[in-house]
Number of protein chains: 2
Amino acid sequence: MRASGRDTRGDHGARPAVRPATGVAGGSPADTAAVEREATKRGARTDRRVPTLDEVARLAGVSRSTASRVINGQSYVSARARAAVTEAVTRLGYRPNMLARSLATRRTNSLALVVSEHGSRVLDDPFFARLLRGVYAGLAGTGLQLVLLMDQDGQDHAALGRYLCAGHVDGTLVVSLHGEDPLPGQLRSAGVPTVLVGRPLSTVDLPYVDADNFNGAVAAARHLAAAGRGTLVTIAGPRDMAVGIDRLAGWRCGMAAAGRRTAGVAHGDFTVEGGAAAMTRLLADHPDLDGVFAASDLMALGAMRALRAAGRTVPDDVAVVGFDDSDLAATAVPPLTTVRQPVEELGRTATWRLLGELDAEDQLPPSVLLPTELVARASG
Amino acid sequence: MRASGRDTRGDHGARPAVRPATGVAGGSPADTAAVEREATKRGARTDRRVPTLDEVARLAGVSRSTASRVINGQSYVSARARAAVTEAVTRLGYRPNMLARSLATRRTNSLALVVSEHGSRVLDDPFFARLLRGVYAGLAGTGLQLVLLMDQDGQDHAALGRYLCAGHVDGTLVVSLHGEDPLPGQLRSAGVPTVLVGRPLSTVDLPYVDADNFNGAVAAARHLAAAGRGTLVTIAGPRDMAVGIDRLAGWRCGMAAAGRRTAGVAHGDFTVEGGAAAMTRLLADHPDLDGVFAASDLMALGAMRALRAAGRTVPDDVAVVGFDDSDLAATAVPPLTTVRQPVEELGRTATWRLLGELDAEDQLPPSVLLPTELVARASG
DNA sequence: CCCAGTTCTGAGAGCGCTCCCACATTCGGC
DNA sequence: GCCGAATGTGGGAGCGCTCTCAGAACTGGG
């Protein structure tokens, strides 16, 4: 028994009392036996049979068809039959088996939000929380269940695609695509209605919803150039994501339009640490820099931390502009000048677009771009 | 068409060019039409028929049984048949329909992680990111898909239970239970293998895995009492969660054991803001306080912010002790003294326990409590 | 009282897959 | 050459549900 040596209790719900400190680390649960256990062997489910529609019908003294009609609230059912079935349902504690229903109707009433990113990383970025809020808002009142899927560590990336294409969900929202991810192509060819959040890099024929990253970055460049800063650098996002590419392109374009050149570019991974590291590199290469545009708020915060550590003040020595306008931007010290993108609306719009797809509405816009705008605060 | 007035583009994947700023907010996508649209009307799926096992078998010139054997990698298949089926599968782009397979096998090869909390709130708390990491670690190599489910705004809480009990998943991990949530009971009676993360308040006969909150809080009390602080207060968690109750009980017990009494208790909701508000209240009631134990790191950070705002220094004027030992604790200024709970291991252990349940292993511990320990840093 | 129209009901054929069972082959050993 | 075992294959009955269709049971107007 693997749990030997670990403090265990069976008195569920009992009020805890002072006990000797729990100790004894014991073997890690992720031991070899657990790892080698294959999925195929799994599944000796509780054998307590769950009641089926047939049993309900028999108990109610009607046919399966009539029972089904009652359960799905259809008309053309006599009051007597309806009462009998309702009674039988509660007596038996019947719950319709969704799998069987879905198999027959070809609908699951659930959608997936896929984050093409390792799970643990996702939850650290406030972007996803906001996006999720938007998606939920878009889903309100539809009766659809949203399931979240993320890359798992011990599992190849293709498992996600297999899951989605196997009929588990009616539609898919894909966010945070990297490089040439095969996922959109798979979904496309499997005929799973899909909307991408964020422009894909690969040319896949799927609708997407994105913020206008390009023009947001143009605005940032224009702002810093107009502020009379001399040596401007940028902390760009990953090279393998459209959002990184677009913001860098916009920045370059805005700089060019203002007749300026970019002194230096460093790439970060949208995290605070990445931003700080990039800033440190930029400071080493361009000690005279006095303005920086970071492609995300988190990276801007990291940059500010690195600047502070290097003895520079913000905004006096160096102006900092971020991107996102997350909650952290306004509460930062000093408050962060940033480019606002409507993240909730991104989620809501993508959801709404996907629902349209499911309803086979025509006249749907192929893709949608939502406006971004510069929010000037104290940092630059 | 609802999207009228919004900037749309069809040139998927094209490099963006400078465009006039996107504007025109347009009507919110979550308009009435979208809300009233019922789930039942949904689902005109792409009509491109997906190939079935029958078609694969026919193309390969074998029976459905043989085709199935090949696809599931069983033995007793001739090399010739195997090759023919493999060929047919790729030619047709066949993907097994999981719904049908699950219906027949009564297994779905997926587990749910249910967060009994509104989605948007979840992602703000680093606890969940760590827990998720642990769950993924526990799942590595099993081939099981994890789906995340959270409370949705426009949907009654029961929808979650219905989803889980309807055969969508083989097992469920439930975290962040509040009060007398009916969910565990539903899962129990539906026979869905379930492990709770965190002690439930209701007396439901389900195994749980939890940190030793009680003794952790005892240690915090002992620590503050031994530090020679005179007036000690605590910021407790929600009254409707076991984790809140247990930490408060532990604190009280530890204080009593040290022959001290608690000057004041304020409840927070585990967020930074809640912690700050609670601290402000406590300061008003007990201006002479010089030590505070917050039931979470986030609340401790909020408390530190409120203390700073009130002109108190940490730890000179007031000692602060948190709970969790999240990443934020070590990087806080000053670094936070806190009670470490092994969150990743909590996730790993719960997962491992659930896998054991699925494999119908006997000798499984009913419930497990993992040790906590005080980590002394500068804040108190 | 008959017949068209409406309301109600049940039989039965799927949905796409698995898996048991029976039947065909092949193989090796005496 | 014969027989049991090992190996390969197809038929068919489910899994639990939906949904069409045909027919039964009521209406009520002429």
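Bear in mind that the values here come from a model prediction, so they are computed numbers and not experimental data. In what follows, chains are A, B, ... by sequence order, proteins preceding strands, each numbered from 1.
- Phosphate proximity of C:dC15 to B:Asn97: absent, as no side-chain N or O sits under 4.0 Å from OP1 or OP2.
- The distance between atom CG of A:Leu103 and atom P of D:dT18, rounded to the nearest whole Å, is 11 Å.
- Donor-acceptor pairing under 3.5 Å is recorded for the side chains of A:Arg95 and B:Ser189.
- Regarding contacts with the backbone of D:dC17, a side-chain N or O of A:Tyr94 is found under 4.0 angstrom from either OP1 or OP2.
- Look at CD1 on B:Ile71: it is 12 Å from C1' on C:dT18, rounded to the nearest Å.
- With the nearest nucleotide of DNA chain D identified for both B:Arg69 and B:Ala104, B:Arg69 has the one nearer the 5' end.
- Rounded to an integer number of Å, the gap from OH of B:Tyr76 to P of C:dT25 is 19 Å.
- At whole-Å resolution of the value, CZ in A:Arg64 and P in C:dC8 are 21 Å apart.
- The distance from atom CD of A:Gln74 to atom P of C:dT7 is 15 Å, rounded to the nearest whole Å.
- Along DNA chain D, the nucleotide nearest A:Met98 and the nucleotide nearest B:Arg82 are compared for position; the residue whose nucleotide lies closer to the 5' end is B:Arg82.
- When the P atom of C:dC15 is taken as reference, atom NE2 of A:His168 falls 20 Å away, rounded to whole Å.
- Residue B:Arg101 has a polar side-chain atom (N or O) positioned under 4.0 Å from OP1 or OP2 of C:dT18.
- The side chain of A:Ser78 places an N or O atom within less than 4.0 Å of a non-bridging phosphate oxygen (OP1 or OP2) of C:dT9.
- Comment: A:Arg64 engages A:Asp54 in a salt bridge, judged by a side-chain N to carboxylate O separation of less than 4.0 angstrom.
- When each of B:Pro182, B:Cys165, B:Pro193 is paired with B:Leu187, the side-chain contact (heavy atoms from CB on, under 4.5 Å) condition holds for B:Cys165 and for no other.
- Put simply, B:Ser63 has a side-chain N or O that comes within less than 4.0 Å of OP1 or OP2 on D:dG10.
- Between A:Ser68 and D:dT18, a side-chain N or O to OP1/OP2 separation shorter than 4.0 Å is present.
- In this structure, B:Leu99 places its CG atom 11 Å from C1' of D:dC17, rounding to the nearest Å.
- Applying the salt bridge (charged side-chain N to carboxylate O under 4.0 Å, His left out) test to B:Arg91 and every residue at least two apart in sequence or in another chain returns B:Glu87.
- Contact between the side-chain N/O atoms of B:Thr66 and the OP1/OP2 oxygens of D:dG10 is found at a separation under 4.0 Å.
- One can find a donor-acceptor pair under 3.5 Å joining the base of D:dG11 and the side-chain atoms of B:Ser65.
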